[in-house]
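Below: one structure, written as structure tokens.
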Amino acid sequence: MGSSFSDRLADAVRRTRTPLVVGIDPRADRLPHSLLPQEAYDDHAAVAEAYATFGEAIVEIAAGRVCAVKPQLAFFEECGPAGATALARVAKAAREQGLLVIFDGKRSDIDSTAEGYARAYLGAKSAWGADALTVSPYLGGDSLDPFERVAVEQDAGLFVLVKTSNPGGKMFQDLQLGERRLFEHVAAYVEERAKATAGACGYGVMGAVVGATYPAQLEQLRREMPSAWFLIPGFGAQGGAAKEIVPAWDGQGLGGVVNSSRKIIFAYRDAPYAAKFGEANWKGAVSAAIDEARAAFASAHAAFSA
């Protein structure tokens with residue numbers, strides 16, 4: 001590849017003039033019936049084929065208009081071996097379109113197993129060829145070291161769960177441990193490793209998942225983690241707004257990429273797109289939803305203006 005993931009991500013944000021990441025989270029009961037009729041919902045092979053076709057179409061629509069795509073591994077894994085083939089097809093299509101591919105698997109384990117995960121997923125030479133992977137920190141530093149080592153070696157990236165967007169995340173993440181909450185301890189570790197691996201863009205290999213649904217903590221964490229890329233879920237369907245994400249970005253619009261999944265890929269099901277496009281033109285609805293998200297970011301930060 002020749003350059004670090006952090007620098008490639010910065011280049012992608014600059015080139016597309018947007019921090020938008022489209023999450024590819026296919027769900028059988030939300031797909032257009034033209035791709036998957038209801039009577040096929042229990043057929044793993046049929047569902048996997050529909051997911052591949054759907055994901056490839058999303059990639060084609062998003063190419064050149066978003067900085068990355070983020071397949072959610074769980075939905076593909078649900079289909080078994082056929083799902084793995086479908087995921088490989090979607091990832092290959094994205095790479096061929098010049099999109100960065102972030103695998104959302106939230107992997108973690110003891111050091112030897114963590115290295116197996118890392119070598120399976122990270123970098124162009126790996127079996128899956130992902131540019132980055134989401135990982136959990138809760139087995140400690142020795143579980144993260146192999147991920148970091150392989151990421152550096154393979155010019156790949158990591159996004160560590162720090163402050164997640166789901167309501168239940170605070171159950172453990174907000175626990176007070178001494179003078180800091182648990183998520184703040186994790187943030188300090190991630191910042192240390194990000195700073196040590198910073199690329200030309202100023203951001204490092206190890207980034208952080210920080211939800212848009214907690215804007216006060218997002219602003220706080222940017223102050224405490226100046227060297228870490230943020231992967232920001234919670235925009236759109238979960239209620240996060242572009243104006244609340246502004247603190248994540250530096251003056252160039254770098255530092256944070258924002259994931260939107262359901263709000264974009266299933267836009268044909270919801271207002272205002274349902275009436276205008278309907279199921280027959282679900283691809284048009286996806287395209288319009290991408291335009292809307294891009295416009296929201298452009299209005300929030302000058303770096304994303306046309």
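Computed over heavy atoms, backbone and side chain alike; hydrogens, waters and symmetry mates excluded. FYI, the numbering just counts along the sequence from 1.
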message: Can you list everything that forms a side-chain hydrogen bond (donor to acceptor under 3.5 Å, both in side chains) with Y51? Sequence neighbours excluded, please.
response: none
query: How would you list, by chain and number, every residue that makes a side-chain hydrogen bond (donor to acceptor under 3.5 Å, both in side chains) with S6, sequence neighbours excluded?
result: S4
statement: The side-chain hydrogen bond (donor to acceptor under 3.5 Å, both in side chains) partners of N281 (sequence neighbours excluded) come to none
message: By the salt bridge (charged side-chain N to carboxylate O under 4.0 Å, His left out) test, which pairs, at least two apart or in different chains, include something from residues 109-123?
response: E115-R119, E115-R149, R119-E153
field: Main-chain N/O of D250 paired with H301 side-chain donor or acceptor, under 3.5 Å
entry: yes
message: I'd like to know if M225 and V205 are part of one continuous hydrophobic network [Ile/Leu/Val/Met/Phe/Trp/Tyr, side-chain heavy atoms within less than 4.5 Å].
response: no
- prompt: In terms of side-chain geometry, is the basic nitrogen of R14 or D11 positioned less than 4.0 Å from the acidic oxygen of its partner?
  reply: yes
query: Under the salt bridge (charged side-chain N to carboxylate O under 4.0 Å, His left out) rule, what pairs show up with a residue in residues 185-212, not counting sequence neighbours?
result: E148-R193
Side-chain hydrophobic cluster, 4.5 Å single linkage: members besides M171: F172, L175
query: Under 3.5 Å, is there a donor-acceptor pair between the S143 and D145 side chains?
result: no
Let me check something: any side-chain donor-acceptor pairs from residues 67-79 under 3.5 Å, sequence neighbours excluded? List them with distances.
unit_1	atom_1	unit_2	atom_2	d
K70	NZ	D104	OD2	2.7
Q72	OE1	A74	N	3.1
Q72	NE2	D104	OD2	3.3
E77	OE2	R107	NH2	2.5

- prompt: In chain order, what residues pass the side-chain hydrogen bond (donor to acceptor under 3.5 Å, both in side chains) check against Y41, with sequence neighbours excluded?
  reply: none
message: For residues 223-232, which residue pairs pass the salt bridge (charged side-chain N to carboxylate O under 4.0 Å, His left out) check, not counting sequence neighbours?
response: none
message: Can you list everything that forms a ring-ring contact (aromatic ring centres under 6.0 Å, His included) with Y203? Sequence neighbours excluded, please.
response: W229
- prompt: Do I110 and V135 share a hydrophobic cluster (ILVMFWY, side-chain heavy atoms under 4.5 Å, transitive)?
  reply: no
query: Going by the ring-ring contact (aromatic ring centres under 6.0 Å, His included) test, which pairs reach into residues 260-294, not counting sequence neighbours?
result: F54-F266, F54-W282
- request: If a pair satisfies salt bridge (charged side-chain N to carboxylate O under 4.0 Å, His left out) and one of its residues is in residues 270-293, list it, with sequence neighbours excluded.
  value: R65-D291
field: Criterion side chain to side chain contact (heavy atoms under 4.5 Å, CB included) against V257, the qualifying member of V66, V13, I232, L20
entry: V13
query: Can R262 and D25 be counted as an ion pair, charged N to O under 4.0 angstrom?
result: no
- prompt: In terms of side-chain geometry, is the basic nitrogen of E184 or R181 positioned less than 4.0 Å from the acidic oxygen of its partner?
  reply: yes
